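Worksheet: the structure to be examined is printed underneath.
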Amino acid sequence: MATRIDRKFAALKAEGRPALVTYFMGGDPDYETSLKIMKALPGSGSDIIELGVPFSDPMADGPAIQAAGLRALKKGMSLTKTLALAASFRESDNTTPIVLMGYYNPIYIYGVDRFLRDAVASGIDGLIIVDLPPEMDAELCIPAIKAGINFIRLATPTTDEKRLPKVLQNTSGFVYYVSMNGITGSALPDTSRVADAVKRIKQHTDLPVVVGFGVKTAEQAKVIGTAADGVVVGTAIVNAVANTIRPDGSLVADPAEAVATMVQGLSSGVRAVRLAAAE
Amino acid sequence: MDKAVEPNSFKTGPDEEGMFGIFGGRFVAETLMPLILELQQAYDDAKNDPAFKAELRELSTNYAGRPSKLYYAEGLTRHVRQLAKDKGLDGGAKIYFKREDLNHTGSHKINNCLGQILLAKRMGKTRIIAETGAGQHGVASATVSARFGFPCVVYMGATDVERQAPNVFRMKLLGAEVKPVASGHGTLKDAMNEALRDWVSNVDDTYYLIGTAAGPHPYPELVRDFQSVIGEEARAQILEREGRLPDTIIAAVGGGSNAIGLFHPFLDDKSVEIIGVEAGGRGLDGEEHCASMSAGSPGVLHGNRTYLLQNKDGQILDGHSVSAGLDYPGVGPEHSWLRDTGRVSYVPILDDEALDAFQLTTRVEGIIPALESAHAIAQAVKIAPEMAQDKIMIVNLSGRGDKDVHTVGKLMGMEI
Ligand SMILES: Cc1ncc(COP(=O)(O)O)c(C=O)c1O
């Protein structure tokens with residue numbers, strides 16, 4: 001059964017360019033504004049949306065995404081409301097894939113079966129759950145696959161040759177290569193090493209491989225996009241939101257517009273890959 | 001919650017996957033997964049290596065000062081017998097202290113640090129990171145790092161940096177870098193998040209020296225094993241002193257390392273009642289406590305499934321305790337399992353009760369206990385008067401209270 005994610009990558013392949021995958025934090029700076037941000041993403045050139053679910057203790061995130069999650073939680077964001085956000089987005093967009101990204105505990109407390117039912121009903125296509133490695137597949141990965149939701153796994157520089165098959169085993173949709181050992185928001189690593197890593201992963205799977213962690217500019221998106229099937233941008237987008245917020249919480253500018261401008265720029269980066277290939 | 005199935009032995013866990021029943025596991029980012037598998041391999045090898053055991057024994061004896069004494073707390077026993085008398089009873093159990101406060105660095109934390117630093121050395125790691133609440137684990141980590149020549153970074157919540165100032169200075173003297181963590185309430189949970197972030201960013205050279213029996217498998221198991229020396233000694237010592245097993249053993253539970261260390265060797269001694277004491281803070285009604293097993297629910301945090309303080313959206317609460325070492329909204333997974341199987345009872349002790357026990361012990365025993373340990377003592381003082389005089393109780397005096405005199409002085413309204 002082809003999912004929205006499969007169809008999107010097939011279309012991009014035909015177009016001959018990599019995907020722009022954009023991460024933003026649900027509920028940041030508040031529910032309504034984040035819905036506006038989300039709705040503006042596809043029109044600005046985002047191909048796949050990663051919808052961040054805020055968590056009180058984001059162990060794998062750097063200061064920017066930590067702060068975004070706390071802003072959202074302070075405004076009353078929750079997993080329930082994150083699902084509502086996705087459902088609301090789906091009313092006017094039935095093609096852009098939505099991947100929920102977060103930590104396991106809110107889902108565990110929501111109840112895995114109930115969560116998967118509601119996620120399907122809200123138009124969620126995939127899950128990236130940071131603290132569920134393959135060793136824990138029975139918790140959520142296997143039930144998610146049964147429910148028709150892609151479970152997207154992170155591969156990292158510490159995932160060696162021996163471990164890769166285990167990581168890829170129940171992965172579907174795409175593989176997310178985290179280009180460095182570190183937390184979100186760290187600096188971009190050496191791009192030639194990224195290209196080698198993508199090649200290495202592709203020897204083990206036919207799934208698209210997208211690369212994330214550290215991409216901030218259109219130029220970087222272009223360089224990484226040349227070596228991979230997609231580029232993930234997160235911290236830069238979250239920072240674009242943060243830059244519109246004054247310390248007292250009032251807004252300097254429209255966060256949705258700031259994000260849209262940022263994403264348009266990044267989008268020119270991934271689209272330049274196709275132009276380059278066509279020359 | 002259904003009662004978990006009672007096993008034949010309570011000492012066989014965890015299973016291959018690192019589970020104690022539904023608790024424990026390896027809920028970590030992929031980046032860390034190869035590292036904890038490597039650690040598990042190294043630990044399994046070390047466990048079966050006589051040279052490793054011999055080196056640990058040598059250090060425990062001549063560096064840390066083991067075995068720690070089992071002391072008959074005559075003054076406190078007299079006190080609880082007087083309490084019984086005041087109520088018209090003639091009870092008052094005999095109270096022993098397991099003197100972990102006499103260890104080098106002043107608490108049980110050194111037991112675990114010596115074991116883990118030898119593991120780090122075996123694994124060829126060159127940099128140590130640790131999290132700390134009360135600062136006792138930070139001091140013990142800084143100590144073994146100095147002894148073995150490793151650079152050491154200690155993450156400590158900003159609130160704790162303030163309330164455990166003497167330990168911060170000790171760590172710096174020992175050459176460690178103390179990094180204050182401002183997120184959350186600036187307590188142990190936040191320090192642990194930051195230590196995990198450091199670890200993910202420095203996987204090649206860094207050994208994460210976790211200070212309590214929590215975190216992803218195999219940490220709960222190996223920390224327990226390194227701390228079980230407490231219970232093994234206590235069991236042999238009481239058999240020698242009294243010719244029989246104790247009736248009750250009590251320890252304070254933060255993450256649960258001193259408690260599991262005392263409890264584990266007694267788990268299959270059916271006649272021994274085992275009590276873990278959680279921080280009741282300002283009472284269990286609100287959110288100002290850290291009694292995750294008395295008032296929390298199972299969830300996933302810091303690499304394992306365990307009882308946690310959380311809201312209905314699965315967001316972790318900060319909690320509160322006067323004692324920095326108990327100020328953690330979770331607990332090691334083995335305790336969660338022991339709770340559900342009914343083998344161990346977990347009870348809360350309030351801030352005020354712990355402060356009373358702190359002062360009482362200081363006056364009647366001439367021992368200043370750590371505020372963490374004072375929670376265990378408070379529970380002993382609470383139940384001992386109701387027990388017959390021929391009953392025997394062992395309380396884990398997990399650490400000394402020098403680090404807490406500022407905090408207690410402030411609460412008593414004194415300038416120090
Ligand atoms: C003296 C002492 N006792 C107890 C604890 C609580 O930790 P655990 O539950 O791991 O023994 C601490 C922690 O800092 C401590 O310093």
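Everything numeric in this text was worked out from a predicted model, so none of it was measured.
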Residue [X] versus chain B: region with a heavy atom under 4.5 Å:
X: Asp61(A); answer: backbone
X: Met136(A); answer: side chain
X: Leu70(A); answer: neither
X: Val178(A); answer: neither
X: Tyr110(A); answer: neither
X: Pro54(A); answer: backbone

Residues [X] and [Y]: side-chain donor-acceptor under 3.5 angstrom:
X: Glu30(B); Y: Thr158(A); value: no
X: Tyr219(B); Y: His302(B); value: no
X: Ser172(A); Y: Asn150(A); value: yes

Ionic contact status for Lys125(B) with Glu38(B), cut-off 4.0 Å: yes
Toward chain A, the part of Leu301(B) with a non-hydrogen atom under 4.5 Å: side chain
Contact check, side chains of Tyr207(B) and Leu39(B), non-hydrogen atoms, under 4.5 Å: yes
Flag if over 12 foreign heavy atoms under 6.0 Å of NZ, Lys47(B): yes
Over 12 foreign heavy atoms within 6.0 Å of CD, Gln40(B): yes
Greatest number of heavy atom pairs closer than 4.5 Å to chain B - which of Pro63(A), Pro58(A), Gly62(A): Pro58(A)
Option that, when pairs with chain A are counted at under 4.5 Å, heavy atom only, ranks first among Asn311(B), Leu196(B), Ile316(B): Ile316(B)
